[in-house]
Amino acid sequence: QVQLVESGGGLVQPGGSLRLSCAASGSILSQYDMGWYRQAPGKQRELVASILRAGRTIYADFVKGRFTIPRDNAKNTVYLQMNSLKPEDTAVYYCNARNRIANYWGQGTQVTVSS
């Protein structure tokens, strides 16, 4: 069983930056494909970015060039570096860990982009 704990959310002005963290316990993070998803009120949860076990990264079109998803296996942590934030990035951001036999979600962290 894997427990995922997100942190780093908060209030930021448009154009600012935030760095979200997802720390895993109960297993080795390198054994999972990792992803960040977000969900705004009244909208479906959507994929933001992912980094696979083999190292391939995937980004949604709306964050390409602005967000990156590094992982630090030594710290058992995956990050979402968010730059050039826009008001439409406002959402609850969730960390996900998945492999062939398991699928885990964190509790989420709120990101609000507003002037």
Side-chain angles (χ1 to χ4, degrees):
Q1 186 178 7
V2 174
Q3 184 176 8
L4 304 174
V5 180
E6 301 101 329
S7 62
L11 175 64
V12 65
Q13 291 188 344
S17 297
L18 284 174
R19 188 189 191 221
L20 307 183
S21 298
C22 175
S25 62
S27 190
I28 301 174
L29 196 59
S30 62
Q31 297 177 348
Y32 297 86
D33 297 335
M34 302 300 301
W36 286 96
Y37 294 73
R38 72 187 188 187
Q39 187 168 22
K43 297 184 64 178
Q44 187 177 356
R45 188 174 299 185
E46 61 185 352
L47 176 68
V48 177
S50 64
I51 181 165
L52 310 184
R53 284 162 284 176
R56 178 186 296 272
T57 55
I58 302 169
Y59 296 97
D61 287 341
F62 54 82
V63 303
K64 285 182 178 178
R66 300 190 297 125
F67 294 6
T68 58
I69 183 171
R71 67 191 296 167
D72 188 338
N73 290 335
K75 297 183 182 296
N76 224 28
T77 301
V78 65
Y79 305 91
L80 184 66
Q81 180 64 50
M82 310 167 68
N83 302 320
S84 302
L85 283 161
K86 305 174 181 180
E88 50 264 45
D89 295 319
T90 297
V92 177
Y93 284 71
Y94 297 90
C95 181
N96 173 258
R98 181 167 62 91
N99 62 18
R100 296 191 309 273
I101 62 172
N103 188 20
Y104 301 98
W105 292 94
Q107 294 291 319
T109 184
Q110 176 71 46
V111 172
T112 302
V113 185
S114 177
S115 59

Task: Test log, rule side-chain contact (heavy atoms from CB on, under 4.5 Å), inputs Met82 and Val48 - done: CA-CA 11 Å; Met82 310 167 68; Val48 177; over 6 Å; no

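- Annotation: the span from Leu52 atom CG to Ile58 atom CD1 amounts to 4.5 Å, rounded to 0.5 Å.
- When side chains are defined from C-beta on, Phe67 counts as touching Leu85, because their heavy atoms get closer than 4.5 Å.
- To the nearest 0.5 angstrom, Asp33 atom CG is 11.5 Å from Arg56 atom CZ.
- Expressed to the nearest 0.5 Å, how far CG of Asn99 lies from CZ of Arg53 amounts to 5.5 Å.
- Nearest heavy atom pair, residue Ser30 against residue Arg71, reads CA-NH2, 3.5 Å.
- Proximity of Arg66 to Asp89: side-chain heavy atoms (C-beta onward) are separated by under 4.5 Å at one or more points.
- Within the model, atoms CG of Leu80 and OG of Ser21 stand 9.5 Å from one another, a figure rounded to the nearest 0.5 Å.
- Listed here is the closest heavy atom pair of Val2 and Ala24: CG1-CB, 4.3 Å.
- For Gln1, the CD atom counts as loosely surrounded, since its 6.0 Å shell holds 12 or fewer non-hydrogen atoms of other residues, nucleotides or ligands.
- The disulfide (SG to SG under 2.5 Å) pairs that include a residue from residues 38-93 number zero, where partners must be two or more places apart or lie in different chains.
- For the pair Asn76 (side chain) and Ser27 (backbone), a donor-acceptor distance under 3.5 Å is present.
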Enumerate donor-acceptor pairs with a distance under 3.5 Å from any side-chain N or O in residues 4-19 to protein atoms, sequence neighbours excluded.
from  : atom 1 : to     : atom 2 : distance (Å)
Glu6  : OE1    : Gln107 : N      : 2.9
Glu6  : OE1    : Gly108 : N      : 2.9
Glu6  : OE2    : Cys95  : N      : 2.8
Glu6  : OE2    : Gly108 : N      : 3.2
Ser17 : OG     : Asn83  : OD1    : 2.9

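- From Asn103, atom CG reaches atom CG of Asn96 across 4.5 Å, with rounding to the nearest 0.5 Å.
- Around atom CD of Gln3, no more than 12 heavy atoms belonging to other residues, nucleotides or ligands sit under 6.0 Å away.
- Contacts classified as ring-ring contact (aromatic ring centres under 6.0 Å, His included) and involving residues 80-107 (residues at least two apart or in different chains) are given here: Tyr37-Trp105.
- Linking ILVMFWY residues whenever their side-chain heavy atoms come closer than 4.5 Å, directly or via other members, places Phe62 and Tyr59 in the same cluster.
- Between Ile69 atom CD1 and Ile51 atom CD1 the span is 6.0 Å, to the nearest 0.5 Å.
- Among all heavy-atom pairs drawn from Leu20 and Val111, the shortest one is CD2-CG2, 4.0 Å.
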